[in-house]
Number of protein chains: 2
Amino acid sequence: MRHARLPASEEIALEDVFHALSDPFRLEVVRRLAVEGEQSCQALEGDRPKSSVSHHFRVLREAGLIRTRNKGVSRMNALRRDDIEQRFPGLLACVVPKSGG
Amino acid sequence: MRHARLPASEEIALEDVFHALSDPFRLEVVRRLAVEGEQSCQALEGDRPKSSVSHHFRVLREAGLIRTRNKGVSRMNALRRDDIEQRFPGLLACVVPKSGG
DNA sequence: TCGATAGTTCGATATTTTTCGAACTTTGGC
DNA sequence: GCCAAAGTTCGAAAAATATCGAACTATCGA
């Protein structure tokens, strides 16, 4: 299983982040990861076939928004909060519902 | 000349804003409007033909990012700073170079 | 090792965007 | 009214994305 490339924090490009977040499904995924923490792809798929879900997670990963690790038979996706905050301070706050504040 | 619709502040959709800003040319336009203030389309066109420039300004307008008014023979485009800030506080700060502060 | 589960990759098709020329509209100046 | 300048709109062609099934990979448990 070849893993898709993960940009370093400094390499995250604003255009790519915006493109990734311009899709309603992906925006919702990011919001849920922000609120609920690390999740498997399956936990966030709607009715979509898995190839479509996988595609959207890949876009998020390549944009630098999420990181994926193996956990048993599934893969857990986590928002790269600190990396994003460091690179584009305040961006996440615009995206996620105000989280306990 | 039928004017493209301009969403009210409350109608501005985050997906649309992100889509509008995911294009390098449009992102640059927004940055320049932020720094230099109101500009004609011509002042910001690169080498592009005017139909292409017009298209990009329309995307920005329909996303709710800019407002356009007639000024003599040209049209001046202004960033909808307050509307955007009201709807998505902090978003513009992620996009524009830190402006004296 | 076999089967099941969770994702990924590939390939083809569909949809959306972008690009650009040509024709058109609006405004200003003569 | 006529011409030029600045944009807009239309239409067609090119490019980028999204969708989805099928085949493939990796991990767990029996």
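Just so we're on the same page: letters track the sequence lines, and every chain starts at 1.
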**Prompt:** Tell me, which pairs form a ring pair (Phe, Tyr, Trp, His ring centres under 6.0 Å) where one or both residues lie in residues 11-55 of chain B, sequence neighbours left out?
**Reply:** A/F18-B/F18, B/F25-B/H56
**Item:** Residue pairs, two or more places apart or on separate chains, that pass ring pair (Phe, Tyr, Trp, His ring centres under 6.0 Å) and touch residues 76-95 of chain B
**Value:** none
For atom [atom1] of [X] and atom [atom2] of [N], their distance in whole Å:
X	N	atom1	atom2	answer
B/N70	D/dG7	CG	C1'	9 Å
A/M76	D/dT27	CE	P	16 Å
B/D47	C/dC20	CG	C1'	14 Å
A/E62	D/dT17	CD	P	11 Å
A/H19	C/dT16	NE2	P	14 Å
A/L60	D/dA18	CG	P	10 Å
A/F18	D/dA16	CZ	C1'	20 Å
A/E45	D/dA18	CD	C1'	17 Å

Would you indicate, yes or no, if [N] has its OP1 or OP2 atom less than 4.0 angstrom from a side-chain nitrogen or oxygen of [X]?
X	N	value
A/R75	C/dT8	yes
A/R58	C/dG7	no
B/S74	C/dT27	no
A/R48	D/dC20	no
A/R61	C/dG7	no

**Asked** Is there any salt bridge (Lys or Arg N to Asp or Glu O under 4.0 Å) pair reaching into residues 16-34 of chain A, and which pairs are they, with sequence neighbours excluded?
**Response** A/R32-A/E36
Considering all heavy atoms of both residues, which atom of [X] and which atom of [Y] are nearest to each other, and what is their separation?
X	Y	result
A/Q39	A/G37	CG-O, 3.1 Å
A/L33	A/A78	CD1-C, 4.4 Å
A/V53	A/R48	CG2-CB, 3.7 Å
B/P7	B/R61	CD-O, 3.5 Å

**Message:** Does anything in residues 49-57 of chain A come within less than 4.0 Å of DNA chain D? Heavy atoms only, and list the residues if so.
**Reply:** A/P49, A/S51, A/S52, A/H55, A/H56
**Request:** Could you tell me, to 10°, how much the axis swings from one end of the helix from C/dT1-D/dA30 to C/dC30-D/dG1 to the other, five pairs per end?
**Result:** 30°
**Asked** In chain order, what residues pass the salt bridge (charged side-chain N to carboxylate O under 4.0 Å, His left out) check against A/R87, with sequence neighbours excluded?
**Response** none
**Message:** Nearest to the side chain of A/S40, heavy atoms from C-beta on, is which of C/dT18, D/dA18, C/dG7?
**Reply:** C/dG7
**Side chain of B/C41 - closest among C/dT5, D/dT8, C/dT18** = D/dT8
**Message:** If the test is salt bridge (Lys or Arg N to Asp or Glu O under 4.0 Å), which one of A/K71, A/R69, A/R81, A/R80 qualifies with A/E38?
**Reply:** A/R69
**Asked** Considering the options A/V95, A/V17, A/I84, which one meets the side-chain contact (heavy atoms from CB on, under 4.5 Å) requirement together with A/V30?
**Response** A/V95
